[in-house]
Novice: 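First the structure, which I've put down as structure tokens, then a few questions once you've had a look.
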Amino acid sequence: MCQANIRSIALFLLVTCVGWPCVSAEDRGLRVEVEAVLGQEADIPRYHALVIGINEYDHLQDLRKAEDDAREVAELLAEKFGFEEVKLLPTEGASRVTRRDIFRELDRLRKELTDRDSLLIYYAGHGEYDKELDMGFWIPSDARRTVDDGPARDDWIWNSQLMQHIKSMKARHILILSDACFSGSLFRSSTPDLSAREHTWYRRALTKPSRWGVSSGDLEEVPDDSVFTVKVKQILRYPPQPVFSASELGNWLVKEVAEHTQRQPLFGPLNDPKDMREGQFIFLARGPQPGNGPVTPPDEKPSKPKNEETTRPRVTRLSADVWVDSDPQGAEVYVDGEASGKKTPTKVTIDLAAVMTREVKISLRMEDYATKDVAVTVERGEEQRLEALRLEKRSGEVSIRSEPAGAEIFVDGQEKAAGRTPTKLKVDLSESRTRDVKVSVRLKRYKAKDLVVTVTRGAEVELETIHLEESKEAEVYTTWPFNETEAKRRQKETADFLGVPVEYDEELPGGVKMRMVLVPAGEFDMGSPDGESGRGDYEVQHRVRLTKPFYMGKYEVTQAQWEAVTGKNPSKFKGDQNPVEEVSWEDVQGFVQKLNAKGGPDKAGEYKRVYGLPTEAQWEYACRGGTDTAYSWGMSFKQGKCNVENDVGSSDDANVAMFKSMGLPTDSTVPVGKFLANAWGFHDMHGNVWEWCQDWYAGYEQGEVTDPIGSAGSLRVFRGGGWGYAAHNCRSALRPAAFRRATGTTPWAAASS
């Protein structure tokens with residue numbers, strides 16, 4: 001994978017055919033030179049170019065050289081090689097090149113070109129290589145590197161897609177010239193060919209189709225400012241001879257690049273189903289230079305004629321000055337990571353006592369703006385002025401209005417509201433130039449509205465007024481896990497919407513009361529994750545959506561409550577406030593029928609209460625109280641949290657002493673409500689006695705489920721652990737089963753409206 005400031009897939013695609021327009025008087029030098037090699041009757045094609053250079057990226061580090069290289073290549077193709085049409089991306093006034101931009105131009109060229117046209121496509125920018133697919137890719141400005149923890153291949157331009165466009169073009173010759181990371185993925189062989197060319201060979205090569213490529217190396221990284229690029233531009237600027245072929249260009253580059261690096265360019269035919277290996281792309285220079293190989297321009301500028309001024313000793317300062325400005329002004333200036341103590345606009349002096357010239361990094365930093373880095377090559381005694389550098393805000397803004405107003409705004413699933421409509425939200429974009437933000441608009445008694453907004457640094461997105469639709473159902477909360485404060489908020493919000501209390505007392509015969517607690521509708525992960533201590537295979541974790549709020553007993557059903565409804569008390573450990581036990585699942589059904597027989601509406605007269613056992617999903621949702629841990633208080637068992645057998649933590653003696661200090665026995669059930677409640681307000685969800693659920697026992701369904709009820713079977717589910725069982729048996733996810741007439745358990749009354 002390419003690192004910072006490393007150029008990836010950068011490609012020239014050169015397509016050559018035949019046919020040449022009238023030559024003007026100023027171009028007669030080209031006609032004479034070409035005729036000298038090819039003859040007067042040579043059929044010369046029309047030349048077109050699509051030149052692409054990408055510096056700015058939304059999700060990857062920006063490059064420095066790609067856009068400048070592209071612009072210089074475009075100029076050389078027009079000036080030195082007589083190209084009739086040169087299309088440059090990004091276009092004037094733009095700074096980005098998207099995947100759509102590139103495919104739009106490729107489609108246009110595919111439709112417009114004929115077998116009398118030649119096309120050059122140059123690409124400079126980031127790229128990628130996928131070892132699994134053995135495939136290289138171009139990376140446009142708007143592409144992501146990864147998505148959902150995997151490669152974002154759908155954002156990239158595949159080599160196979162590129163080759164498909166090439167194959168569908170009617171052009172006769174196509175040459176890919178690539179100075180890029182992993183550019184060798186286009187082909188895997190080199191074809192050195194140092195032999196001299198006869199004039200007849202060039203004439204024949206023009207008439208035969210070809211698909212050729214030249215790359216800076218194989219599957220390796222290439223720096224942003226590479227020797228290969230320097231040599232390519234040098235050959236284009238100083239043509240070695242009036243007519244030369246793709247293979248000759250490859251040979252020259254092999255020799256020139258090898259003198260400065262350990263990389264060796266590759267060149268040769270591309271894999272193509274058609275027979276296109278006899279032809280080659282032929283370069284026709286407008287102003288050729290004599291010689292048999294590349295002409296290297298002198299490093300020194302031509303010296304001036306000697307005179308009194310130039311013969312005097314020259315005094316050169318051991319520093320250089322760089323004038324820096326920014327938009328907006330007032331940015332702090334750093335040089336090679338060190339603070340200069342100056343703010344834009346300003347002049348910074350670069351020390352050059354040790355070297356004649358060097359590259360420095362100028363960084364501009366300003367609060368709420370992204371750091372701007374530019375590389376500048378400075379020389380002793382030189383003064384440079386940088387154009388005002390535009391700084392981008394680290395944040396973007398979203399203006400939101402709703403009808404009716406006053407709706408709460410939640411961003412990216414956060415539990416705390418970011419504001420109320422109408423409002424303007426500031427979105428942090430310090431890690432990327434643009435990102436998608438999930439916005440949720442909520443108002444009591446109205447359906448929640450969720451939308452995704454794309455926000456860009458420094459830009460404001462003004463949304464159209466969001467019209468909220470009245471809702472007849474309470475909200476189903478999707479954010480999970482959550483804390484006790486959020487649990488209480490959801491209970492109150494649901495109660496206010498329904499017009500019911502969070503808690504109420506059900507009046508039983510004899511003045512006995514049963515306290516019920518409201519549980520809002522919501523989503524949670526049922527079951528346990530891999531690695532949870534004591535976990536069983538039947539606890540496969542999966543997403544569950546409960547669409548209806550419901551009430552559940554605040555405490556386990558007591559012996560006093562059971563006797564008030566049924567007139568009997570089958571419990572072994574007697575006590576009015578102790579939980580009833582020694583009751584079967586069928587006994588519980590009789591209790592529920594009698595409880596419902598007293599019936600009647602609630603105090604508001606709007607909802608009729610219907611009692612029954614909770615489903616297994618309702619029980620676990622109520623037990624967890626918003627947590628995703630093994631117990632409702634955390635991942636590990638703690639003494640004093642519930643009534644179970646002491647098998648972890650402290651010694652038996654310490655456990656006995658602790659229970660005695662609480663006035664509780666250690667070898668039986670204890671009165672309900674003696675241990676702290678969970679976030680919803682329920683006591684004894686862990687330990688004391690097992691609780692029956694309504695469901696048949698069955699394996700969990702796969703994937704996300706809504707309001708699940710176990711399928712038919714022979715066993716019923718019970719939950720929560722008991723006083724004589726080990727601590728791990730009271731975990732939130734534990735789910736044993738028994739025949740319906742099992743003993744030692746107690747019901748939990750649940751009411752739905």
Side-chain angles (χ1 to χ4, degrees), residues 1-11 51-73 88-102 122-128 137-147 152 155-157 179-183 221-226 229 322 324-328 331-337 344 359-366 368-377 386-396 428-435 454-459:
M1 186 175 292
C2 292
Q3 306 299 319
N5 290 329
I6 296 290
R7 177 177 303 167
S8 296
I9 311 292
L11 304 177
V51 182
I52 305 167
I54 305 176
N55 279 357
E56 294 195 15
Y57 283 87
D58 297 341
H59 305 285
L60 284 73
Q61 182 166 337
D62 292 344
L63 297 175
R64 296 183 297 106
K65 292 287 189 178
E67 194 170 328
D68 288 342
D69 286 343
R71 187 176 295 105
E72 190 171 352
V73 166
L88 181 62
L89 294 179
T91 57
E92 185 175 355
S95 59
R96 300 164 67 253
V97 181
T98 66
R99 189 174 189 271
R100 181 180 179 184
D101 293 335
I102 295 174
Y122 170 89
Y123 171 85
H126 274 306
E128 193 57 84
F137 306 85
W138 291 359
I139 308 295
S141 292
D142 54 345
R144 297 163 293 181
R145 172 151 280 162
T146 59
V147 59
D155 289 4
W156 307 342
I157 297 176
D179 180 14
C181 292
F182 316 122
S183 56
E221 295 176 349
V222 178
D224 194 9
D225 190 5
S226 70
T229 295
V322 180
V324 187
D325 198 359
S326 66
D327 179 20
E332 297 180 358
V333 181
Y334 288 73
V335 180
D336 288 335
T344 58
E359 185 177 86
V360 297
K361 184 175 76 171
I362 305 292
S363 301
L364 303 184
R365 303 179 187 179
M366 195 173 186
D368 199 35
Y369 287 84
T371 299
K372 183 75 172 183
D373 296 327
V374 293
V376 182
T377 301
L386 300 181
E387 295 182 4
L389 302 172
R390 183 172 62 86
L391 303 181
E392 291 185 331
K393 282 193 172 184
R394 285 196 186 97
S395 62
D428 179 45
L429 294 172
S430 55
E431 296 184 359
S432 62
R433 291 186 68 254
T434 183
R435 72 180 178 93
T454 301
V455 188
T456 304
R457 284 180 186 167

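Because the structure is a prediction, the values reported are computed rather than measured.
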Novice: Any idea how Tyr123 and Trp138 line up, ring-wise: parallel (<30°), tilted (30 to 60°), or perpendicular (>60°)?
Specialist: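 Taking Trp138 first and then Tyr123, their aromatic rings lie parallel (interplane angle under 30°).
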
Novice: For Glu359, does the CD atom sit with more than 12 other heavy atoms under 6.0 Å from it, leaving out its own atoms?
Specialist: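 Counting other residues, nucleotides and ligands, CD of Glu359 exceeds 12 neighbours.
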
Novice: List for me each residue that meets side-chain contact (heavy atoms from CB on, under 4.5 Å) alongside Val147, sequence neighbours excluded, and say none if there are none.
Specialist: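 By the side-chain contact (heavy atoms from CB on, under 4.5 Å) rule, Val147 matches Arg144, Ala152.
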
Novice: Which heavy atom of Gly396 sits nearest a heavy atom of Leu429, and at what distance?
Specialist: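 Here Gly396 and Leu429 meet closest at N-CD1, 3.6 Å.
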
Novice: What is the minimum heavy-atom distance between Ser432 and His59, and which atoms define it?
Specialist: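 In terms of heavy atoms, the two residues are closest at CB-ND1, 4.2 Å.
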
Novice: Before giving the answer on salt bridge (Lys or Arg N to Asp or Glu O under 4.0 Å), spell out for Asp58 and Arg433 the whole-Å C-alpha distance, their side-chain angles and the decisive distance to 0.1 Å.
Specialist: CA-CA 5 Å; Asp58 297 341; Arg433 291 186 68 254; 2.8 Å; yes

Novice: Decide salt bridge (Lys or Arg N to Asp or Glu O under 4.0 Å) for Lys65 and Asp68; before the verdict, give the C-alpha distance in whole Å, the side-chain angles of both, and the deciding distance to 0.1 Å.
Specialist: CA-CA 5 Å; Lys65 292 287 189 178; Asp68 288 342; 5.8 Å; no

Novice: Does the side chain of Ser363 pick up a donor-acceptor pair with the side chain of Asp373 at under 3.5 Å?
Specialist: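 Their side chains do contain a donor-acceptor pair, which is all the 3.5 Å distance test asks for.
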
Novice: If the threshold is 4.0 Å, N to carboxylate O, is there a salt bridge linking Asp142 and Arg100?
Specialist: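 Salt bridge flag = no for Arg100 with Asp142.
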
Novice: Return the minimal non-hydrogen interatomic distance between Tyr57 and Asp62, and the atom names on each side.
Specialist: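 What the structure gives for the nearest pair is N-OD1, 2.8 Å.
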
Novice: Test your reading of the model: is there a side-chain donor-acceptor pair from Asp336 to the backbone of Lys361, 3.5 Å cut-off?
Specialist: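 Checking the backbone N and O of Lys361 against the side chain of Asp336, a donor-acceptor pair under 3.5 Å is found.
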
Novice: Kindly give the heavy-atom pair with the smallest separation between Trp156 and Arg145, and that separation in Å.
Specialist: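 Minimum heavy-atom contact is CZ2-O, 3.3 Å.
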
Novice: Any sub-3.5 Å donor-acceptor pair from Asp428's side-chain atoms to Ser395's backbone N or O?
Specialist: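 No, Asp428 side chain to Ser395 backbone: no donor-acceptor pair under 3.5 Å.
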
Novice: Ignoring hydrogens and geometry, is there a side-chain-to-backbone donor-acceptor pair from Thr344 to Ala331 under 3.5 Å?
Specialist: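 Yes: the side chain of Thr344 pairs with the backbone of Ala331.
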
Novice: For Thr434, is there any backbone N or O sitting under 3.5 Å from a side-chain donor or acceptor partner on Thr456?
Specialist: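 Checking the backbone N and O of Thr434 against the side chain of Thr456, no donor-acceptor pair under 3.5 Å is found.
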
